[in-house]
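Please read the structure below before turning to the comments.
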Amino acid sequence: MHSLRLASSAHSQSLFTMSAASASLALPSPLSSFRSNGPLPSRCFLRLNNPSRSRVFMSVSVGSQTVVDDALFADYKPTSAFLFPGQGAQAVGMGKEAQAVPAAAELYKKANNILGFDLLDLCINGPKEKLDSTVISQPAIYVTSLAAVELLRARDGGPQIIDSVDVTCGLSLGEYTALAFAGAFSFEDGLKLVKLRGEAMQEAADAAKSAMVSIIGLDSEKVQQLCDAANQEVDVADKVQIANYLCPGNYAVSGGLKGVEAVEAKAKSFKARMTVRLAVAGAFHTSFMDPAVSRLEAALAATQIRTPRIPVISNVDAQPHADPETIKKILARQATSPVQWETTVKTLLTKGMKKSYELGPGKVIAGIVKRMDKSAEIENIGA
């Protein structure tokens with residue numbers, strides 16, 4: 001017998017045993033990385049889920065609660081990645097192609113029942129102003145991106161591509177799409193979360209005058225200096241910060257309306273090539289979204305979230321998380337935290353990612369990946 005020992009505050013030693021037959025399976029991380037919120041009971045059980053897959057899932061039953069090692073995917077080695085777009089990728093006409101594939105078309109029917117309105121009609125026919133609203137665009141992009149997965153599945157070689165994907169991530173809203181693809185929650189539960197997220201973020205944006213602007217042509221250090229200079233001229237309530245670290249030369253700044261206007265006025269003196277005001281409801285990924293957090297936390301607490309079957313890279317810290325409770329906390333924080341997309345893509349490329357796919361409307365992510373590595377291979381799968 002092979003034994004692994006773990007110290008506990010309640011018991012000096014709790015014994016984990018594995019049979020010799022299963023001992024040949026390599027554990028993904030040492031027990032030293034195991035964390036518990038309280039003392040362990042004298043009997044704990046190591047559970048190996050789906051040992052036929054290349055990764056071994058490790059969890060520990062603590063009373064009635066299962067605690068998962070959050071560092072399960074820490075040493076991931078990406079080869080093929082699915083990347084999902086965020087708000088801003090929407091366009092009138094999206095979803096039309098998906099209607100030719102029954103599994104994709106079915107997603108829109110399910111969405112209509114959950115949302116209480118005809119999402120497909122808004123996607124295909126608009127009007128643009130309505131589709132661009134936060135409460136519509138977020139569910140629209142979520143559904144269309146997962147419909148794109150079904151379009152890929154229906155084409156020759158598609159199932160093999162999907163099975164080969166060993167890491168996924170998404171830009172802001174796209175993180176929810178990535179988690180749904182990775183099986184962390186159902187399509188339906190994910191859509192309910194995205195619907196509430198859009199409504200909560202819209203309400204938070206309506207509570208104060210705020211905005212977002214893209215700064216083109218500066219590195220992140222210069223953009224931070226630009227924010228600092230703008231913040232010297234406005235009240236605390238109008239301060240700005242970098243909200244999206246997209247890629248070198250493209251960073252989004254969020255904050256109070258006066259602060260954003262100050263950034264736009266000063267950008268040229270900092271040698272920015274241009275600024276582009278973003279068509280979003282307000283200052284996403286800053287403290288302006290604080291009012292949305294409590295609603296998100298409550299919805300996440302009521303949602304069943306499982307350990308993803310493949311690593312899903314978080315926008316908050318550019319790391320994959322395996323523990324469902326940690327994932328819930330990270331998703332709640334995401335609304336007020338800067339998006340670490342540049343670090344995410346850089347890490348994927350550095351770790352050896354060979355091919356990636358952007359699934360859903362638009363080609364923003366493909367442009368970012370190509371900007372960071374001209375030789376990177378990325379394919380767009382629309383719907």
Side-chain angles (χ1 to χ4, degrees), residues 85-90 132-135 137-138 171-175 197-297 314-318 330-344 364 368:
Q87 190 173 345
Q90 70 275 1
D132 283 348
S133 70
T134 298
V135 293
S137 63
Q138 293 201 22
L171 185 56
S172 189
L173 155 75
E175 186 171 339
R197 181 181 188 264
E199 291 168 353
M201 291 173 77
Q202 181 68 57
E203 285 180 17
D206 291 343
K209 290 182 178 178
S210 62
M212 292 184 75
V213 60
S214 275
I215 313 299
I216 311 298
L218 297 180
D219 62 30
S220 58
E221 191 176 333
K222 277 285 187 188
V223 176
Q224 185 57 56
Q225 290 172 10
L226 172 57
C227 289
D228 292 342
N231 285 337
Q232 289 177 2
E233 298 188 1
V234 298
D235 295 335
V236 173
D238 277 310
K239 287 191 181 297
V240 293
Q241 68 179 67
I242 301 176
N244 281 349
Y245 292 82
L246 292 172
C247 64
N250 189 347
Y251 301 95
V253 168
S254 273
L257 186 57
K258 289 180 180 176
V260 168
E261 289 170 347
V263 164
E264 291 169 331
K266 290 177 175 294
K268 280 282 193 286
S269 65
F270 278 79
K271 306 281 173 50
R273 195 160 82 244
M274 63 188 294
T275 62
V276 180
R277 184 74 71 92
L278 300 180
V280 295
F284 296 163
H285 301 292
T286 70
S287 59
F288 278 84
M289 292 294 111
D290 278 342
V293 173
S294 59
R295 285 188 65 189
L296 273 171
E297 285 174 337
S314 163
N315 283 187
V316 172
D317 59 7
I330 287 276
L331 286 177
R333 282 177 54 201
Q334 192 225 52
T336 57
S337 301
V339 174
Q340 303 295 338
W341 191 251
E342 180 181 355
T343 302
T344 296
V364 171
I368 290 171

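Annotation: the span from T275 atom OG1 to K266 atom NZ amounts to 14.0 Å, rounded to 0.5 Å. Of the inter-residue distances, the one linking K239 atom NZ with S287 atom OG reads 11.5 Å to the nearest 0.5 angstrom. With values rounded to the nearest 0.5 angstrom, L218 atom CG is found 12.5 Å from M274 atom CE. Taken from SG in C227 to CD in Q232, the straight-line distance is 12.0 Å, to the nearest 0.5 Å.
Taking the side chain as every heavy atom from C-beta outward, C247 and I368 approach each other to under 4.5 Å. Between V240 and L226 the shortest side-chain heavy-atom distance does not fall below 4.5 Å. Residues L246 and L171 are in side-chain contact: their nearest non-hydrogen atoms beyond the backbone lie under 4.5 Å apart. For the pair M289/Q334, no side-chain contact is recorded, criterion being any heavy-atom separation below 4.5 Å from C-beta on. Side-chain contact check for I215 versus V253: some heavy-atom pair is nearer than 4.5 Å. R277 has its side chain within reach of V260: a pair of non-hydrogen atoms, C-beta onward, lies under 4.5 Å apart.
Residues S210 and G282 approach most closely at OG-CA, 3.4 Å, considering heavy atoms. Scanning all heavy atoms of the two residues, the minimum distance from F288 to A204 falls at O-CB, 3.7 Å. Heavy atoms only, all atoms of each residue included: D238 and K209 are closest at OD1-O, 4.3 Å. Of all heavy-atom pairs between Q340 and V316, the closest is CG-O, 3.5 Å. Contact record, S254 with A243: OG-CB, 3.4 Å, taken as the closest heavy-atom pair.
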Practice item. Test V280 against M201 for side-chain contact (heavy atoms from CB on, under 4.5 Å), laying out the working first. Key: CA-CA 10 Å; V280 295; M201 291 173 77; over 6 Å; no
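Looking at D206 and Q202, their side chains do bring a donor and an acceptor atom within 3.5 Å of each other. Of the N and O atoms on the side chains of T134 and Q87, at least one donor lies less than 3.5 Å from an acceptor on the other residue. With hydrogens and angles left out, the side-chain atoms of D132 and Q90 include a donor and acceptor closer than 3.5 Å.
Every residue two or more places apart in sequence or in another chain that forms a side-chain hydrogen bond (donor to acceptor under 3.5 Å, both in side chains) with E342 is listed here: Y251.
Counting heavy-atom neighbours within 6.0 Å of K258 NZ, excluding the residue itself, gives a total of 12 or less.
Formation of a donor-acceptor pair under 3.5 Å by the H285 side chain with backbone atoms of S337 is found in this model.
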